[in-house]
2 protein chains.
Amino acid sequence: MATTIDDVARAAGVSTSTVSYVLSGKRPISAPTRQRVERAILDLDYRPHAGARALASSRTNVLGLMAPLRIDVDVSVIMQFVTGVVTTARTFDHDVLLLTSDEIAGMERVASGSMVDSLVMMDIEADDPRVPVLARLRQPAVLIGLPRDPEGLSCVDLDFRAAAQLAVRHLAALGHRQIALLGSPRAVLDRHTSYAERMIHGFEQAARVAGVDGVVEPCEPSMAGAVAAVDAVLARLPGVTGLVVHNETALPWVLSSLRDRGRRVPEDVSVVGVCPADVAGDQPLELTHVDIPAHAIGRVAVEMAMARVERAEPAETRLLAPVLVEGASTAGAAH
Amino acid sequence: MATTIDDVARAAGVSTSTVSYVLSGKRPISAPTRQRVERAILDLDYRPHAGARALASSRTNVLGLMAPLRIDVDVSVIMQFVTGVVTTARTFDHDVLLLTSDEIAGMERVASGSMVDSLVMMDIEADDPRVPVLARLRQPAVLIGLPRDPEGLSCVDLDFRAAAQLAVRHLAALGHRQIALLGSPRAVLDRHTSYAERMIHGFEQAARVAGVDGVVEPCEPSMAGAVAAVDAVLARLPGVTGLVVHNETALPWVLSSLRDRGRRVPEDVSVVGVCPADVAGDQPLELTHVDIPAHAIGRVAVEMAMARVERAEPAETRLLAPVLVEGASTAGAAH
DNA sequence: CTGAAAGCGCTAACAT
DNA sequence: ATGTTAGCGCTTTCAG
């Protein structure tokens, strides 16, 4: 049943090593030989045994992905990261082993057990306990997010600081003088999740530089949370005319609760979302937004992992520049 | 660096097979010997090489999961399936290799290449082209969903037919005589996705049996789609007082658009959701719903896969009985 | 340009 | 209860 490389070699009338080299391309093979081997492979429907290959070559062609399967990080964003990682991995002839974040031992297990060649880790916190562990593994790791100390690991993320600045500058340029950030849920902030903190710092600094009032309000990912956060902002900053919303789940409820409070968008309040383009597109009005290119981040993460595995390139940190897409949810401040 | 089973054997003063048997528990080991071996394993921080193990034992302890990373199937439901699968796999000492649905060749690749011991496939369509392929693999497969012909494969899903019946009976018992099903998006129906069709059949049959008017309306997973579907139902069945909503994404927009149309819930219209409990909990009112136990389905799928791998149990189909949770969104029909 | 053969690290007979 | 050893299927020197 299970056809082996020897079966192929016999059928093609060559040695096993020749078959191996046809497969790997690691040494020149004459055209006729190559063709006989390829014919035999097709005829026998031969598939190399992954374990045997891993044992002999110490390469698995598998990438480990640690994804947060929690619920407070927006699932659709996670999904896009994951698809970015999986589809890109395939272009490098790699498969993806899925680990959940709550299993800190998982990455050690799969790495020490030689199940993966590299690891990609999502949802990195400022002082993430997984980072020192990863730094000591034999396999290279790429962090999606930015810990306080990367310890020599590669990192990639949207430049959330710049994203916040972009949003604030856009509002300030439109004449808004009182603006607020509706941000991540408390639980995310309490974990000191990297992107949430960078977003807040960028917001506060940009507001200061632009000379506008800026308040930051956390926001739970539910209708009730969104309503409460909107009300809190209206109470803290009654004259607010600009809102930056960095919370995919709350976004629709923020918009509906503004309407319920008698604030029209964009006439009374301008709203800038910080979210993936498709989330922006799902809103009832064309939302001005700073795109979170989740798919691209996943792709870049894999490319960086492959660069380290295949070409032993050094670790680096890449922050993707944000892009603001103007929609119908922002307008000049009423004078 | 890489410590092997021989290093452990030497350190413990035993043979390699003894170490192997301590690890697998496949033959009795005296307490003192076992302790010496375990000590050595800990001291050397030994981790068996997964590839070598797979090669020698033809078992990988990896389960392949093919998940639809599309967007029209609600992502939060997918996420729950996935977590159910991953966490359960871990209790069987298995890891999960993630495949995307758009890659029909993927499952053949990982199965023929002996990367997995079994496969779990989500989002099965009535005449799914992957089913015949899976049926011919060496490894057992479990389908989440119900194809027209399982071809000897195991299947598991919520009994959507019974779920629809439960919802309809609940509404009928409350005196509702004109009811509608807001169902899956067209794209899902066009693929003849198994659960969507079973839901519709169950709804229509139960309405017939209960002697009530029932209409079925597809619904796109967006605000616009929900509004359009609600309007379509109101037009087709102006006296509608009962609504079954089987569309997680549209749910909030259905509720808000009913309000916009001047229909109060539950005074004018009773609404039964068919969705995971947490989605029901996210709604602005306590929703009467038939739970989709996504996590449990994922768990059962893995258990069935393991039963086949480890105990060579025969394939079976398991339909989980639905449970209706009464909330505040259903009430007696106005007389 | 091709072949022969030595492992890779582990499991599972087969011994005792 | 424990040890010995022959593979598992592939990659990769080393030899031509």
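Keep in mind the model is a prediction, meaning the values are calculated, not measured. Heavy atoms only: backbone and side chains are in, while hydrogens, waters and symmetry mates are out.
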A:I5 or B:T18, whichever maps to the more 5' nucleotide of DNA chain D:
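Its nearest nucleotide being more 5', the pick is B:T18.
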Send over the distance from [X] [atom1] to [N] [atom2], rounded to a whole Å.
{"X": "B:K26", "N": "D:dG3", "atom1": "NZ", "atom2": "P", "result": "19 Å"}
{"X": "B:M115", "N": "D:dG9", "atom1": "CE", "atom2": "P", "result": "17 Å"}
{"X": "B:D6", "N": "D:dT5", "atom1": "CG", "atom2": "P", "result": "13 Å"}

Out of D:dG7, D:dG3, D:dC10, whichever nucleotide has its closest atom nearest the side chain of B:S15
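Of the options given, the side chain of B:S15 lies nearest D:dG3.
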Please check if any side-chain donor atom of A:S17 sits under 3.5 Å from a side-chain acceptor atom of A:S20, or the reverse.
no
Under a 3.5 Å cutoff, is there a donor and acceptor pairing between the side chains of B:H295 and B:T83?
yes
Least distance between heavy atoms, [X] atom then [Y] atom:
{"X": "A:Q139", "Y": "A:A111", "value": "NE2-O, 2.8 Å"}
{"X": "B:V8", "Y": "B:V37", "value": "CG1-O, 4.2 Å"}
{"X": "A:V22", "Y": "A:R34", "value": "CG2-CA, 4.3 Å"}

Should the pair [X]-[Y] be classified as a salt bridge under the 4.0 Å nitrogen-to-oxygen rule?
{"X": "B:R148", "Y": "B:D128", "answer": "no"}
{"X": "A:R39", "Y": "A:D43", "answer": "yes"}
{"X": "A:D157", "Y": "A:R318", "answer": "no"}

Below 4.0 Å from chain B heavy atoms, what is the first contacting nucleotide of DNA chain C and what is the last?
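Using the under 4.0 Å cut-off, the span is C:dG9 to C:dC14.
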Please give me every residue in residues 27-54 of chain A whose heavy atoms get under 4.0 Å of an atom in DNA chain C, ordered by residue number.
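Heavy-atom cutoff 4.0 Å gives A:R27, A:P28, A:I29, A:S30, A:T33.
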Hey, which sits more toward the 5' end of DNA chain C by its nearest nucleotide, B:Y21 or A:A56?
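Nearer the 5' end of the strand: A:A56.
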With a 4.0 Å cut-off on heavy atoms, is B:S17 in touch with a base, just the backbone sugar-phosphate, or nothing at all?
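Here B:S17 touches the bases of the nucleic acid.
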